[in-house]
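Any value given below was found using the heavy atoms of this structure, including those in side chains, with hydrogens, waters and symmetry copies removed.
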Amino acid sequence: MSYTAGCTDPFGDGSSQNGNTPVTALDVAGHEMSHGVTAATANLTYSGESGGLNEATSDIFGTMVEFYANNAGDPGDYFIGEKLNMPGGSLRRMDNPASDGNSLGCWNSGAGQVDVHYSSGIANHFFYLAAEGTGAKTIGGLPHNGTTCNNDTFAGIGRDKAAAVWYRALTTYMTSTTNYSSARTATLNAASDLYGANSQERYLISKAWAAVSVGTALPDPGTGTPTPTPTPTSSPTGSPSPSGNALTNGSFEQGTTGWTQSADDITSSTLQPAHGGSWYAAMMGYGTNATESLSQSNIAVPSSGSPKLTFWLKVSTQESGYTAYDTLKVNINGTTLATYSNANASAGYVQKSVDLSAYRGQNVKLEFAGTEDTYLTTIFLVDDVAIG
């Protein structure tokens with residue numbers, strides 16, 4: 001059996017092209033076995049952009065097999081088939097796919113029309129940048145250089161985290177027809193699942209995609225480390241907030257006390273600023289179709305005067321213009337009294353006020369309901385909520 005560059009004839013005894021070197025290098029073997037993983041999960045169609053993603057998945061996992069084996073005679077690197085005695089030194093390079101003269105390192109509108117082994121370079125390049133970041137370095141004794149299509153520079157999240165994101169995206173969010181745009185969404189969803197919606201990992205995943213001309217980078221959530229939700233240490237459970245606030249824990253300084261949330265919105269993470277204290281609610285920011293709810297029930301609206309709901313809101317978005325693509329609605333007993341959107345983007349917190357005179361003397365349910373569309377991201381930060 002002779003060597004072919006495709007995967008219909010994966011193993012062989014080589015050819016005159018490579019001195020009849022058997023095509024059984026560790027990363028190549030891992031590549032071929034990984035096609036079975038893809039077939040059993042997303043089952044990416046082997047043509048067009050999905051075919052490129054199929055091939056890239058095998059290059060990614062084959063490379064991770066090589067790193068995992070930690071063989072001194074074949075150390076981990078991002079060259080595919082570097083042990084096969086190929087004239088160019090390898091079959092493909094993930095750090096610089098275009099170096100072979102055929103592979104794509106940057107997405108373009110014709111990516112779906114080239115051979116899947118060449119369009120795979122886009123995702124290979126993404127993975128390398130996500131794992132290792134930009135700049136020249138030596139890995140496995142070989143020179144690598146993480147250049148980008150947009151001249152950006154950034155750090156990587158590490159190969160183990162990048163591989164975990166890719167595997168979850170493949171097994172949870174990708175389908176047979178996934179293209180590069182939807183692969184970006186799939187990995188952002190996976191990074192959110194694994195590391196948090198406001199994590200540096202998710203942000204850097206978006207940077208790596210932008211660096212290969214797929215989408216744009218998300219807003220930088222900051223350089224802090226996500227903080228797990230600790231056990232609240234302030235006022236006893238159920239005690240109302242001070243200063244005549246009918247809400248329980250309107251400042252969020254007691255953690256989740258008094259609130260019902262559909263996601264882990266209430267946080268003291270330093271990735272985003274609080275308006276007051278250390279705790280706040282961060283809603284949405286997924287960059288894909290999503291909904292969230294943060295609510296509190298049995299709130300006694302004052303029976304006299306002009307009761308109102310007040311809260312502080314900060315909106316950060318990638319959207320532009322005044323079209324409301326992503327929204328945060330304020331609902332009382334299921335009725336929407338106010339809607340805020342990406343069009344309300346602000347550099348800092350802005351106080352909002354909603355008239356509750358129609359609910360004077362009633363017990364009500366307050367709900368913040370967020371909705372985000374398929375594409376660009378919007379983050380709604382809510383803090384210091386009061387009814388009085």
Side-chain angles (χ1 to χ4, degrees), residues 192-193 195-199 221-222 224-286 290-303 305 307-316 328-334 337-338 340 346 348-356 359-370 378-388:
S192 180
D193 294 344
Y195 306 112
N198 294 319
S199 63
T225 301
T227 304
T229 301
T231 302
T233 57
S234 36
S235 305
T237 299
S239 61
S241 300
S243 303
N245 188 357
L247 279 167
T248 295
N249 186 28
S251 65
F252 301 113
E253 294 304 302
Q254 299 171 47
T256 60
T257 296
W259 295 94
T260 299
Q261 54 183 353
S262 63
D264 293 330
D265 297 320
I266 299 174
T267 179
S268 61
S269 168
T270 57
L271 291 176
Q272 298 286 353
H275 174 258
S278 301
W279 289 74
Y280 59 96
M283 301 186 68
M284 312 315 299
Y286 296 106
T291 59
E292 283 184 358
S293 173
L294 176 66
S295 65
Q296 187 169 141
S297 299
N298 298 319
I299 305 166
V301 178
S303 58
K308 61 184 178 180
L309 162 71
T310 59
F311 62 97
W312 290 83
L313 177 67
K314 181 178 184 292
V315 182
S316 299
L328 181 72
K329 295 183 177 181
V330 176
N331 299 329
I332 297 292
N333 290 346
L337 299 188
Y340 308 94
S346 55
Y349 280 90
V350 177
Q351 190 173 39
K352 304 296 182 180
S353 179
V354 179
D355 182 22
L356 297 182
Y359 300 91
R360 191 182 292 116
Q362 299 181 33
N363 284 355
V364 301
K365 176 182 178 180
L366 164 66
E367 178 189 37
F368 293 99
T378 301
I379 301 173
F380 299 94
L381 304 183
V382 178
D383 201 359
D384 294 326
V385 187
I387 290 179

Please check: side-chain N/O of Glu253 versus main-chain N/O of Ser278, any donor-acceptor pairing under 3.5 Å?
yes
I'd like to check Gln296 versus Thr260 (side-chain heavy atoms, cut-off strictly below 4.5 Å). Are they in contact?
no
Is the number of heavy atoms from other residues, nucleotides or ligands within 6.0 Å of NZ (Lys352) greater than 12?
yes
What's the shortest heavy-atom distance between Asn249 and Thr256, and which atoms?
ND2-C, 4.2 Å
Just checking Phe380 against Phe368, ring centres under 6.0 Å apart?
no
Could you walk me through whether Met284 and Ile379 pass the side-chain contact (heavy atoms from CB on, under 4.5 Å) test, one step at a time?
CA-CA 5 Å; Met284 312 315 299; Ile379 301 173; over 6 Å; no
Strictly distance-based, threshold 3.5 Å: is any side-chain N or O of Tyr349 a donor or acceptor partner for the main-chain N or O of Pro273?
yes
Would you call Pro302 and Ile387 a side-chain contact if the rule is heavy atoms closer than 4.5 Å?
yes
How far apart are the closest heavy atoms of Asn331 and Ala369, and which atoms are they?
ND2-CB, 3.8 Å
Straight-line distance of Asp264 CG to Ser269 OG, nearest 0.5 Å
11.5 Å
Verify the distance criterion only: is there a donor paired with an acceptor across the side chains of Lys314 and Ser316 at less than 3.5 Å?
yes
Minimum heavy-atom distance between Ser293 and Asp265, given as atom pair plus value:
O-OD2, 4.1 Å
Any donor and acceptor pair, going by atom type alone, linking the side chain of Asp383 with main-chain N or O of Trp312 inside 3.5 Å?
no
Is it true that a side-chain atom of Gln261 and a backbone atom of Ser295 form a donor plus acceptor pair closer than 3.5 Å?
no
Shortest non-hydrogen contact between Asn245 and Gly250, atoms and distance:
ND2-CA, 4.1 Å
Value for NZ (Lys329) from OG1 (Thr291), rounded to nearest 0.5 Å, stands at 11.5 Å
Between CD of Glu367 and CD1 of Ile332, what distance do you get to the nearest 0.5 Å?
9.5 Å
Does Gln351 reach the main-chain N or O of Phe311 with its side chain, forming a donor-acceptor pair under 3.5 Å?
no
Begin from the C-alpha positions of Val350 and Leu313 and carry the test side-chain contact (heavy atoms from CB on, under 4.5 Å) through to its verdict.
CA-CA 5 Å; Val350 177; Leu313 177 67; 5.7 Å; no
Verify side-chain contact (heavy atoms from CB on, under 4.5 Å) between Met283 and Leu328, making sure each step is shown before the conclusion.
CA-CA 9 Å; Met283 301 186 68; Leu328 181 72; 3.8 Å; yes
Could you tell me which non-hydrogen atom of Trp279 sits nearest to which non-hydrogen atom of Ala274, and how far apart they are?
O-CB, 3.7 Å
Identify the heavy atoms of Leu294 and Ala281 that sit nearest to each other, and give their distance.
CD2-CB, 3.6 Å
Rounded to the nearest 0.5 Å, what separation is found between the CG atom of Leu381 and the NE2 atom of His275?
11.5 Å
Do Leu247 and Leu366 pass the side-chain contact (heavy atoms from CB on, under 4.5 Å) test, and can you show the C-alpha distance, the side-chain angles, and the key distance before you say yes or no?
CA-CA 9 Å; Leu247 279 167; Leu366 164 66; 4.2 Å; yes
Main-chain N/O of Gly305 paired with Arg360 side-chain donor or acceptor, under 3.5 Å:
yes
Measure up the Trp259 and Phe252 rings against each other and bin them: parallel (under 30°), tilted (30 to 60°), perpendicular (over 60°).
tilted
State whether the side chain of Tyr280 and the backbone N or O of Gln272 hold a donor-acceptor pair below 3.5 Å, judged by distance alone.
yes
Nearest 0.5 Å please: distance from the OG1 atom of Thr310 over to the CG atom of Asp384.
8.5 Å
Rounded distance (nearest 0.5 Å) linking atom CG of Leu356 with atom CG of Leu337
6.5 Å
